[in-house]
Amino acid sequence: MAELLAAVDDSFFTDRTGGGCIQENKLFCPGWVADNYDRYVDPTLQHLVLVGSAVVAGFLIAFALGVFAHRHRFLQTPFLAGTGILYTIPSISFFFLLLPITGRGALTAIIALTAFNLQIIFRNMTNGLRNVPQNVTEAATGIGMTKSQVLWQVELPLAMPEIIAGLRIATVSTVALATLAVFANGGGLGTEIVSGSNITFKTGIIVAGSIAVIMAIVFDGMLLLAGKLLAPWKRVAQ
Amino acid sequence: MEAGGPVIPVPLAAFGLFGEAFNFVFSGTEAQTGGVTVGGPEQVLDLAARQLEVTLFALGVAIFLALPVGLWLGHRQKGEFLAVSAGNAGRAIPELALIALMAAAIGVGMVNLVVALAILGIPPILTNTYVGISQVDRASVEAARGMGMTELAIVRKVELPLAVPTIMGGVRTAAINIIATATIAPLAGILTLGDFIIARNVYGDAGVLAGAVLVAMMALALEASLAGIQWAMTSKGLKLERS
C-alpha cells in the first residue's frame, strides 16, 4: 500500500507553474488551474463518452425489457430481481468481474455502468406504466386502438415523466460513478484524481471532481427541460 | 507467511483466471513482487471483516444523523426542498473525488474514512425518511391525534411503522453506496477487500478477480440481509395489503 500513499515526487510539479502554492500542495491553487486547464479536456471528453454510452445503452435495454414485461406481466418480478442484482454489485467490482472477458478498457467500464443503470430506468418505467389510469387505456381500446397503439400512443407518453425521472437519476449517478473507470483503464475524469500512483494532489482532485459535479448538473437540467418539452400537457394541467 | 504453502490444485487451472482466483482465496499465491505469499483465507477474512466493519460503522453514523432529521421534517411536513435536494445533490458527489480529497486534505485513517462514507449515506436516508413520513395518510395521523396520542407517539406508533418500506429503501441505497465506496478505502489508508483490486502490482490479476468476486458477494449478502430486516420490520397489516 506504500506505493499508493507515496508522497508526490518533485518531478510531478517541476514543469508546472503556480509558484509556492503547488510546492506546498495547498488546498486549491487557481494559478495552476489557469495554466493547466487544457489537461482536463481529454479526460472530460472521455467521461462524456463513458456516461453517454452507458446511459443510452442502459435506456435502450431497460426500455425493451420494460415493454416486454408490460406485455408479459409475470416477467416483471424476475426482471426487477435480475436488474437489482446488477445494480447491487459495486461498479468497481463489476469492472474486474469482466476482466477475463473484456479485459481492461473503456468498453469494460461502459458495460459495468450500463448494468448499474438498468434497474433505475426499468423500475421507473414499470411504475410509470402501472400508474396510467385504467379508464384512459379502456377509453383508448374503446375507440378501436390496438394493443400496441395503446402502448405507444397512450401509455408510454403518459408514463414519460416517470421514465425521464428515472433517466435523470441514472445519468447523475453514472457521471459520479464513471470517475471509477480509471481503475479499469477506462479513462475519464478519474485519471485526474488518481494520477499515477498518488492521490495527494488536492487541486487536481478538486478540479476533476468539480467538472464531474458540473457535468451531472448540466445533464440533469437538460433532461428536466426535455421532459417538460415532451410533456406539454403537464404544464396545462398544473 | 512464507512461500511454499499449499500446492495449487491442478484441476482448477482449467478454469483459467477464475481458477487462479479460487486458489488465491483458498490457498494464496506468490506475490507479484516476489517472495511472500499473498491471499489465502486468513488475509481474505481479515480484509472482509474490515470492509464490513467500515461499512456498518458508516451506515450506523448515517442513520443516526439522517433518520431523526427526516422524521422531524416529515412529521412537521416542512423542509421538502431541503430533504429532496439533499438526495439529488448526494447522487452527484463523485465517490472517488470525495475519498481522495478527504485523504489528501485531512489525512488518512479510520475516522476520515467513516466520515466520507457517512456523507454518501446520509442523502438517500434523509430523502426517503422525509418522503415516507410525509406520505403517511394525514387521516391516520389526525385519528391518532384525536385519540389523544402525543406527537412523539404519533411518530413512533403511526408514521414510522407505515413508512418502514420507504425508509428501508433509502437505507438499502445508502448501504450499497457505502459498501461500494468502502472498496476504494485502501486509498484512504484502510485496507479492505478493495486492496486486492487496487494493488494489482502486488496481488496480480488472480487477486484482482478474487477481490471483485468477494466484493460483489459481500454487497449482495448485505443487500439480502437488509431486505430481510425490512421484511421483519414491516407490520403484518402492510404486508397483507401488498400481497
Side-chain angles (χ1 to χ4, degrees), chain A residues 1 3-5 25-28 84-85 87-101 104 116 168-183 189-190 192-194 197-202 204-217 219-220, chain B residues 15-18 21 87-105 108 120 172-173 175-177 179-184 186-189 191 193-202 205 208-220 222-224 227:
Chain A
M1 228 43 248
E3 298 91 329
L4 275 169
L5 300 170
N25 196 10
K26 287 186 182 156
L27 188 61
F28 190 66
I85 290 173
Y87 172 80
T88 305
I89 296 176
S91 298
I92 187 162
S93 150
F94 214 120
F95 294 153
F96 297 105
L97 291 176
L98 294 169
L99 183 68
I101 305 154
R104 287 182 163 77
F116 166 83
R168 286 174 62 195
I169 297 175
T171 309
V172 172
S173 312
T174 306
V175 173
L177 274 179
T179 51
L180 294 172
V182 60
F183 292 111
L189 287 164
E192 293 296 325
I193 296 172
V194 188
S197 59
N198 81 77
I199 53 156
T200 56
F201 181 42
K202 293 167 210 158
I205 297 168
I206 292 178
V207 174
S210 307
I211 296 175
V213 171
I214 293 167
M215 193 185 285
I217 294 171
F219 271 132
D220 195 47
Chain B
F15 294 97
L17 198 51
F18 280 104
N88 291 333
R91 264 195 295 273
I93 300 174
E95 295 83 347
L96 181 62
L98 180 68
I99 294 284
L101 192 62
M102 290 289 281
V108 298
L120 291 174
R172 285 160 72 178
T173 306
I176 292 173
N177 286 352
I179 199 166
T181 311
T183 309
I184 52 172
L187 295 175
L191 298 190
L193 285 172
D195 199 39
F196 291 148
I197 295 177
I198 295 170
R200 179 190 173 207
N201 53 353
V202 177
D205 277 347
V208 170
L209 184 59
V213 172
L214 291 167
V215 168
M217 281 167 42
M218 202 165 187
L220 290 170
L222 179 67
E223 163 68 10

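Note that these values count all heavy atoms, side chains included, but never hydrogens, waters or copies made by symmetry. As the structure is a prediction and not an experimental result, all values here were calculated from the model. Within every chain, numbering begins at 1; the chains are lettered A, B, ... in the order of the sequence lines, protein sequences first and strands thereafter.
Counting heavy atoms from C-beta on, the side chains of B/Ile197 and A/Phe95 never come closer than 4.5 Å. By the 4.5 Å heavy-atom criterion applied to side chains, B/Thr183 and A/Ser93 are not counted as neighbours.
Listed options A/Ser173, A/Ala178, A/Ser210, A/Ala208 were ranked by heavy-atom pairs under 4.5 angstrom with chain B; first place goes to A/Ser173. If you tally non-hydrogen atom pairs under 4.5 Å between each of B/Leu222, B/Asn177, B/Asp205, B/Val213 and chain A, the highest count goes to B/Asp205. Heavy-atom pairs under 4.5 Å with chain A were tallied for B/Leu193, B/Ile93, B/Ile179, B/Ile184; the largest tally goes to B/Ile184.
Across all non-hydrogen atoms, the minimal contact from A/Pro100 to B/Leu209 is CG-CD2, 3.8 Å. In this structure, A/Lys202 and B/Leu101 approach most closely via the heavy-atom pair O-CD1, 4.2 Å. Of all the heavy atoms in A/Ile92 and B/Ala180, the pair that sits closest is CG2-O, 4.2 Å. Among all heavy-atom pairs drawn from A/Thr179 and B/Pro94, the shortest one is CG2-CB, 3.9 Å.
Interface remark: B/Leu214 contributes no atoms to any contact with chain A (heavy atom separation under 4.5 Å). Of the two parts of A/Ala176, the backbone and the side chain both hold a non-hydrogen atom closer than 4.5 Å to a non-hydrogen atom of chain B. Both the backbone and the side chain of A/Leu97 have a heavy atom closer than 4.5 Å to some heavy atom of chain B. If you measure heavy-atom distances from A/Ile169 to chain B, the contacts under 4.5 Å come from both the backbone and the side chain. When heavy atoms are compared at a cutoff of 4.5 Å, A/Val172 approaches chain B by way of both its backbone and its side chain. Looking at B/Arg200, the atoms closer than 4.5 Å to chain A (heavy atoms on both sides) all sit in the side chain, from C-beta outward. Looking at A/Leu177, both its backbone and its side chain come within 4.5 Å of chain B, counting heavy atoms on both sides.
In this structure, B/Ile176 CD1 and A/Thr88 OG1 are separated by 4.0 Å, a value rounded to the nearest 0.5 Å. Atoms CD1 and CD, on A/Ile89 and B/Glu223 in that order, are 11.5 Å from each other to the nearest 0.5 Å. With rounding to the nearest 0.5 Å, the separation of CE in B/Met102 from CD1 in A/Ile205 is 12.0 Å. The CD1 atom of B/Ile198 sits 8.5 Å away from the CZ atom of A/Phe96 when rounded to the nearest 0.5 Å.
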